[in-house]
Amino acid sequence: MQLVRLGTGGSLLLLALLAALTGPCASRSDAPRGVANPFVFDPKAKCEPSCKHSGICIRNNTCFCMRGYEGETCQYANCFPKCKNGGQCLRPGKCGCPAGFGGKYCHKVTCEEGCWNGGECKALHGKATCLCLSSWTGNKCQEAVCPQGCRNGGSCVAPGICSCPDGWVGGACHTAVCSQPCLSGGKCISPEKCRCRPSHEGPHCEKKRSQYHYLYKVKGH
């Protein structure tokens, strides 16, 4: 194998060109590195597999990499600082970011459609996530929390506030509404329905039972 030393005129011209186009392969990555200056150049050298990204084969199976690339065949692009949050270095200084992340180095977290009601977008387990205040929940912090619960078909519309369907009221939609009051100690147990004491009957407990019927009812017959 014939080697051309750095002192020859042709080699000096080639080395000057290499120095202008490339930098030393002392990149800031853990990937395998190409050769660094100084080196001996063999114009008949062969590299299998071939050098990538315009790398130059300087001796058998040894590549000299262009600035921004590294690895045994110059196959790795170099991004510095390294791509964050699972980003991939696509070409020197250019990161490809996963969904939910952006910025030159994938260092910015972005939640789709934003975080509502004071929520904050943060990276959680490698995923852009809205961290909600205690009174809100949902993937965008869009759902209010009612600790007391909303019963009888009610829905939580704001922290601690239920919107109740017709016929129900109260902080948890737990109180039935009878448009006409239940009389004689009766109780409204569901919309427009009274539960009467044993001594009374009727839709609103307005009728007094006969004494015979009352005693019969009290004795459990």
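In this chain, residues are counted from 1 in sequence order. Everything quoted here is computed from the prediction, not taken from an experiment.
- Cys95 has its SG atom 2.5 Å or further from the SG atom of Cys106.
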Q | Steps toward disulfide bond (SG atoms under 2.5 Å apart) verdict (Cys65, Cys74) | A | CA-CA 5 Å; Cys65 302; Cys74 309; 2.2 Å; yes
Enumerate donor-acceptor pairs with a distance under 3.5 Å from any side-chain N or O in residues 137-144 to protein atoms, sequence neighbours excluded.
unit_1 : atom_1 : unit_2 : atom_2 : d
Asn139 : OD1    : Gln142 : NE2    : 3.1
Lys140 : NZ     : Glu113 : OE1    : 3.3
Gln142 : OE1    : Lys140 : N      : 2.9

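- Taking CH2 from Trp168 and OG from Ser163, the interatomic distance works out to 15.0 Å, rounded to the nearest 0.5 Å.
- Annotation for Lys108 and Gly103: closest pair CD-CA, 4.2 Å, computed over non-hydrogen atoms.
- Between Asn117 atom CG and Trp136 atom CH2 the span is 4.0 Å, to the nearest 0.5 Å.
- The one candidate from Arg195, Arg209, Lys208 that meets the salt bridge (charged side-chain N to carboxylate O under 4.0 Å, His left out) condition with Glu201 is Arg209.
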Q | Pair Cys63-Cys47, disulfide bond (SG atoms under 2.5 Å apart): steps then yes or no | A | CA-CA 7 Å; Cys63 295; Cys47 292; 4.1 Å; no
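- Among all heavy-atom pairs drawn from Cys57 and Lys46, the shortest one is SG-C, 3.4 Å.
- Side-chain N or O atoms of Ser199 include none that pairs as donor or acceptor with a backbone N or O of Arg197 at under 3.5 Å.
- Across all non-hydrogen atoms, the minimal contact from Cys79 to Gly93 is SG-N, 3.7 Å.
- Separating the SG atom in Cys83 from the NZ atom in Lys94 is a distance of 9.5 Å, to the nearest 0.5 Å.
- Taking all atoms of both residues into account, the shortest heavy-atom contact from His200 to Cys196 is O-CB, 3.4 Å.
- Cys pair Cys121 and Cys115 fails the test of SG atoms under 2.5 Å apart.
- Across all non-hydrogen atoms, the minimal contact from Ala128 to Gly100 is CB-O, 3.5 Å.
- Atoms SG and CD, on Cys162 and Gln148 in that order, are 4.5 Å from each other to the nearest 0.5 Å.
- Under the side-chain contact (heavy atoms from CB on, under 4.5 Å) criterion, Cys194 pairs with Cys178, Cys182, His204, Cys205, not counting sequence neighbours.
- In this structure, Lys104 has no salt bridge (charged side-chain N to carboxylate O under 4.0 Å, His left out) partners at least two apart in sequence or on a different chain.
- Nearest heavy atom pair, residue Gly167 against residue Pro191, reads O-CG, 3.3 Å.
- Using a 4.5 Å heavy-atom threshold, the side chains of Ser155 and Cys150 count as separate.
- Applying the side-chain contact (heavy atoms from CB on, under 4.5 Å) rule to Asn85 yields the partners Phe101, Ala123; only residues at least two apart in sequence or on another chain are considered.
- In this structure His53 satisfies the ring pair (Phe, Tyr, Trp, His ring centres under 6.0 Å) test together with Tyr69, sequence neighbours excluded.
- With sequence neighbours excluded, the residues that form a salt bridge (charged side-chain N to carboxylate O under 4.0 Å, His left out) with Glu120 are Lys122.
- From Glu48, atom CD reaches atom OG1 of Thr73 across 11.0 Å, with rounding to the nearest 0.5 Å.
- Going from atom CD of Gln180 over to atom CD of Glu192 covers 8.0 Å, rounded to the nearest 0.5 Å.
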